[in-house]
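For reference, the structure discussed in these notes is given below.
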Amino acid sequence: MSVTFNLEVSIGKLRLKNPIMPASGAFGEDMEEVIDFNRLGAVVPKSITKYPRRGNATPRVCETPAGMINSIGIQSKGLEYYLAKTLPYYTKYETPLISSISADSIDEFAEMAEIIAREEVVKALELNISCPNLKGNGVAFGMDADITHQLIRKVRTVTDKPIIAKLTPNVTRIQDIAIAAEEAGADGLNVANTILAMAIDVHTRKPKIGNVMGGISGPAIKPIIVRMIYQVHQVCKLPIIGCGGVMTGEDAIEMMLAGATAVQVGTANFINPTAMLDILEEIKAYMKTYQIQNITDIIGQVKIDA
Amino acid sequence: MSVTFNLEVSIGKLRLKNPIMPASGAFGEDMEEVIDFNRLGAVVPKSITKYPRRGNATPRVCETPAGMINSIGIQSKGLEYYLAKTLPYYTKYETPLISSISADSIDEFAEMAEIIAREEVVKALELNISCPNLKGNGVAFGMDADITHQLIRKVRTVTDKPIIAKLTPNVTRIQDIAIAAEEAGADGLNVANTILAMAIDVHTRKPKIGNVMGGISGPAIKPIIVRMIYQVHQVCKLPIIGCGGVMTGEDAIEMMLAGATAVQVGTANFINPTAMLDILEEIKAYMKTYQIQNITDIIGQVKIDA
Amino acid sequence: MKAVRLQVISNKQVSQRYWHMVVDSSLLGETVMPGQFFHIRCADEYYPFLRRPLSIYRINKREQTLEFLYLVKGLGTKRMTEIAPGAEVDVFGPLGKGFTLHDSWDTILLLARGVGIATLAALAQEAAEKGIRCVAVLSARSRNDLLATETLQGFGAEVYKVTEEEGTSDVEHVREIIHAIMAKNDIKAAYVCGSKRLSLLLKEIVREKRIPAEIALEEHMGCAMGVCFACVCDLQEEEGLRTVRVCREGPVFPLEKVVIP
Amino acid sequence: MKAVRLQVISNKQVSQRYWHMVVDSSLLGETVMPGQFFHIRCADEYYPFLRRPLSIYRINKREQTLEFLYLVKGLGTKRMTEIAPGAEVDVFGPLGKGFTLHDSWDTILLLARGVGIATLAALAQEAAEKGIRCVAVLSARSRNDLLATETLQGFGAEVYKVTEEEGTSDVEHVREIIHAIMAKNDIKAAYVCGSKRLSLLLKEIVREKRIPAEIALEEHMGCAMGVCFACVCDLQEEEGLRTVRVCREGPVFPLEKVVIP
Ligand SMILES: Cc1cc2nc3c(=O)[nH]c(=O)nc-3n(C[C@H](O)[C@H](O)[C@H](O)COP(=O)(O)OP(=O)(O)OC[C@H]3O[C@@H](n4cnc5c(N)ncnc54)[C@H](O)[C@@H]3O)c2cc1C
Ligand SMILES: Cc1cc2nc3c(=O)[nH]c(=O)nc-3n(C[C@H](O)[C@H](O)[C@H](O)COP(=O)(O)OP(=O)(O)OC[C@H]3O[C@@H](n4cnc5c(N)ncnc54)[C@H](O)[C@@H]3O)c2cc1C
Ligand SMILES: Cc1cc2nc3c(=O)[nH]c(=O)nc-3n(C[C@H](O)[C@H](O)[C@H](O)COP(=O)(O)O)c2cc1C
Ligand SMILES: Cc1cc2nc3c(=O)[nH]c(=O)nc-3n(C[C@H](O)[C@H](O)[C@H](O)COP(=O)(O)O)c2cc1C
Ligand code: FES
Ligand code: FES
């Protein structure tokens, strides 16, 4: 008796052959030597900025218990290079590409989104609204529900391609931001970016990150992200992409049970370069064990006692 | 050449012989069998509520990478028992006692604070404003700067003993809450309580905590707490008690470099029952290595490149 | 109760899912009672992070060793299997209150499911030392899981085995066995560990027979020293429900009082 | 470049602070060049969490082994010392670009500080195989730290040693040594690793002497495969500054281009 296991999921009108994709900033062309991109649900290159940026001072990463802090500072070659080189590179893969965009203002988001969305190879946009809003005292767009609403609404007017808002977890009530993004017309939510963190070397007394603070990722924060996925799923109908600390297939399943439709894998790629493919195999094994035919059947299926 | 190392620190008018004390909820009378309470900077019993409470469903704890989630639900024997039994028990120690108070409303905080502060053995109050405000949709008091201000202000009117506001890290800008507490007359800030988290058993599909969500503590969250200590120290003059993930003397030093005056140790006690005393020895060794005579000399001394 | 590093004398797989560890307890310097447990650091890491509670399985006063029998369940016990003889293991204990056993009793009944056998084995040992007879009903998934029975038989216990594998472990069958045992023996007290269903069964039987019974409970623990209130359960007392800590007031409780959820 | 589990043949302490590991590379199936490195998982845990970059110290093509020489610095390298022979170590590599060495050169200069010796040792080995003479200036805290020099001497290198312990490691003294070496030998190229001060010194000297030089850089790494941009440094190119990744475009760079911060 052979059963086929269906891993397909959808984020708005974007259909993915499976729910596993890389997290922006922890993936790139150079990984083609270690994994077959065609086996992924989607590819998500590093967030792109309008103009080239040099990024932050080194050290840019440091290790923490079960996690790492990074402060790369969106080092980027700028939109021009992205259109001329990065996007064309990915045309050789059949896997849908999600473009992650970082910008300094709402207008810049809209401007970039419009240009990028025009590209055939781009199947969806992920708006990194966790980056600081230069016009708002440097507070991240995604820390404010109103600004999030304005930003998504504006981008919505320039493209019909699916828009995913990548939320920041550094907020009091992520549900409010999620609802704002939903009402403004987003097609999906990424929960979430890194949590602001800091580590100090007690011997040199210097911050372990050149830029003083950075974002913590990895298994350490997974329980916080799972909670946020669950909270957002309770109040909002949009498909959620879970992101933060996924190392194994079980971690991905946990996020899906909490309410995620798809899952991004970031830091795990640094520890295990084939993590995404291993996770896919582990998900298949789980489906087999529990005779789950469609992976969509487990989304939000955490059992809460009445 | 013998140098003496001075570990004394002050929180308002409360003088502590050293900066190490337990975190509320991870300490209790039963620990007297494993450590000498007289060697601690302070003792902090479990948060007390006005009326007895049964607490939450089990399991109440679960393990996460480099951390744990708990949802005890402030199981408490109530104020009456606390006054009759708990406080008198601690009179046999010379270590100052900080009373941690949890309440359902601002008035209840004030009422309890007034009663407890009258007790001779109580040297300071720690207000657990991370607990849900029953009159505010269950949102924690400490998630709102205005409510925090009102709460501290009200308690300030009923006692002259030092008031420490124990902040919740589940906020967008902890600096705003810290400033509100400072302006309202707090003498110190505890940064911070646990971060809201969730874990799901992928086999049973049930939350690993009976109460669905709980607070994550332990080394996993230390980088987030260190960041918050640093942020609060930048904007606010009050002494800070750092709390979250301290396992070793170096962790305590790290928090002090970020801006903490004292440090609480919670979960570490579960892993190593003599953690607090070991941490004290490690701090002394550090002071010796770097010839630091007064521990206060390192507070906030992280070196930031211009 | 203290945290000490004890040397591991042996640590071996004894059946498909069970391991057995012997440690040198000469440095412990505390008396250990059947039913008590240790909170064990399975690895010197931050994940597994928490200690794991394990009952004392055998107490060898003369050789100054302690033994644990453990089921390899998740990360913690898996790491515990990796501790090599000669290495040290960080144990915190002895913790909690043990079983009540009166010298005057001549026969007692032990009812254990799965790794609950580990907890009751120490009691069987003490009973043997006191000249008290034990009749034990051991339930498990498979014959393979029942390997520990040999220890109990070594203590002179009369052992009945039931397993899922053989289709003999249903509650009604166990009830019949217990009734048969009670018909043949003058059981003075009964003890149960490791199964909710069997605990409810025994509760019913001892209520009828009016004999004392104790249960050793398991609950997820944080501190294991009574300060965190993670490990609570409810006792039905005359004045109403009373919440107690399994690590401190337990893990052994009077069976009739425990509210089995 | 791939992540494979290789068997550890030996892993021994070779001096107070240094360890030496030999692994069986027969399963690697990739050519390894001096100056390249591996990103090593020091323990199968979540803390240490990240891999650690270590240069290849010796490449034994015939025996199919690779060797690493490492300084025990923090948590990761400490855990690495605990890997027993026979166990496996998860290595990812070979990564990065190696040194440039022209067959026509007859003598080269190596300038290494501390564990930078490990990186240059592989180059000395290749030079020996190509019949190129090496003169090496090795700097370290103590004589004890200089134990690796024996390997270099084994490759026929002429070795000068300076240490803090003996007060011989200051930049001016090293400058004198290098000038003396250059007076006696026709140095065709120079290589440096492990010290900012010595790199600046060598940069100055080779600029005067108009010989090519390379530097092997160290930077904290996340992915080590070029995707995270953690490990950047700046190169001074004709068109201006260019930011490159140490793990991908490096770790070996033309000394004259590197902006030493
Ligand atoms: C007083 C007491 C005595 C025990 N004696 C024994 C014994 O002698 N032999 C034996 O094999 N087992 C015993 N157990 C159960 C044992 O503690 C668990 O099987 C063990 O903690 C599982 O850890 P793990 O890492 O393998 O599993 P995981 O499922 O990965 O553990 C995850 C977390 O859940 C906790 N946990 C999981 N199951 C239990 C459980 N049944 N009870 C308490 N905490 C649990 C773990 O401690 C850990 O914190 C006892 C439990 C208690 C409370
Ligand atoms: C390309 C390259 C080759 C290297 N080759 C060798 C070698 O052959 N032998 C050797 O002993 N050392 C070498 N190093 C340095 C080695 O990577 C560090 O000493 C090691 O990572 C320290 O890890 P730890 O856990 O012991 O120290 P910790 O200080 O605890 O490490 C904490 C974090 O900082 C990083 N880190 C600390 N120091 C360095 C450093 N100098 N470079 C990069 N990351 C660092 C660690 O990787 C880790 O992420 C090399 C570094 C690079 C970049
Ligand atoms: C080195 C690094 C760089 C990152 N760069 C970006 C980025 O450019 N844009 C973005 O939206 N997120 C970025 N992130 C965040 C990740 O996409 C992801 O949200 C986060 O790492 C949590 O997932 P993880 O725990 O699986 O890594 C970066 C993360 C890391 C570790
Ligand atoms: C089991 C447990 C119970 C706790 N109970 C309380 C409490 O009653 N009141 C309170 O303010 N904080 C409570 N906390 C939070 C701790 O005081 C502390 O803020 C948190 O655990 C972070 O510190 P740590 O990482 O050192 O444990 C509790 C924490 C744990 C683990
Ligand atoms: S485990 Fe902490 S009170 Fe029992
Ligand atoms: S370490 Fe990631 S780019 Fe070099």
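First the proteins, then the strands, lettered A, B, ... as listed; each starts at 1.
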[atom2] on [Y] to [atom1] on [X], rounded to 0.5 Å:
X: A:M68; Y: D:F49; atom1: CE; atom2: CZ; answer: 8.0 Å
X: D:C223; Y: A:N70; atom1: SG; atom2: CG; answer: 11.0 Å
X: A:F27; Y: D:M225; atom1: CZ; atom2: CE; answer: 9.5 Å
X: A:E63; Y: D:Y47; atom1: CD; atom2: OH; answer: 6.0 Å

Is D:R52 close to chain A through its backbone or its side chain, or both, or neither, when contacts mean heavy atoms under 4.5 Å?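 Just the side chain, heavy atoms under 4.5 Å.
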
Contact between [X] and [Y] at the side-chain level, heavy atoms closer than 4.5 Å - yes or no?
X: A:E29; Y: D:V227; result: no
X: A:R60; Y: D:F229; result: yes
X: D:H220; Y: A:C62; result: no
X: D:F92; Y: A:V34; result: yes

Selection from D:T243, D:V232, D:D90 maximising heavy-atom pairs under 4.5 Å formed with chain A: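 Heavy-atom pairs under 4.5 Å are most numerous for D:V232.
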
Could you check which of D:E219, D:M221, D:H39, D:K2 has the highest count of heavy-atom pairs closer than 4.5 Å to chain A? D:E219

[atom1]/[X]: more than 12 non-hydrogen atoms of other groups inside 6.0 Å:
X: D:R141; atom1: CZ; answer: no
X: A:Y89; atom1: OH; answer: yes
X: A:K206; atom1: NZ; answer: no
X: A:E80; atom1: CD; answer: no

Please give me the minimum heavy-atom distance between A:R54 and D:D234, naming the atom from each residue.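 For A:R54 versus D:D234, the nearest heavy atoms are NH2-OD2, 2.7 Å.
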
Can you see which heavy atom on A:D30 is nearest to which on D:M1, and at what distance? O-CE, 3.4 Å

Closest-packed option against chain D by number of heavy-atom pairs under 4.5 Å, given [options]:
options: A:G218, A:P45, A:P59; answer: A:P59
options: A:P65, A:A220, A:G28; answer: A:P65
options: A:N56, A:N269, A:V61, A:T267; answer: A:V61

By a 4.5 Å heavy-atom criterion (distance strictly below it), what part of A:Q75 contacts chain D: side chain, backbone, both, or neither? side chain

Below 4.5 Å from any heavy atom of chain D, which atoms of A:T64 appear? Answer side chain, backbone, both or neither. backbone

Sequence neighbours excluded and cut-off under 3.5 Å, please list the side-chain donor-acceptor pairs for residues 74-83 of chain D, or say none.
{"unit_1": "D:T77", "atom_1": "OG1", "unit_2": "D:K73", "atom_2": "N", "d": "2.8"}
{"unit_1": "D:T77", "atom_1": "OG1", "unit_2": "D:G74", "atom_2": "N", "d": "3.3"}
{"unit_1": "D:T77", "atom_1": "OG1", "unit_2": "D:G74", "atom_2": "O", "d": "3.4"}
{"unit_1": "D:K78", "atom_1": "NZ", "unit_2": "D:E82", "atom_2": "OE2", "d": "3.4"}
{"unit_1": "D:R79", "atom_1": "NH1", "unit_2": "D:E45", "atom_2": "OE1", "d": "2.7"}
{"unit_1": "D:R79", "atom_1": "NH1", "unit_2": "D:E45", "atom_2": "OE2", "d": "2.7"}
{"unit_1": "D:R79", "atom_1": "NH2", "unit_2": "C:D44", "atom_2": "O", "d": "3.4"}
{"unit_1": "D:T81", "atom_1": "OG1", "unit_2": "D:K78", "atom_2": "O", "d": "2.5"}

Ion pair present between D:R248 and A:E33, side-chain N to carboxylate O less than 4.0 angstrom?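 Counted as a salt bridge, because a side-chain N and a carboxylate O are separated by less than 4.0 Å.
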
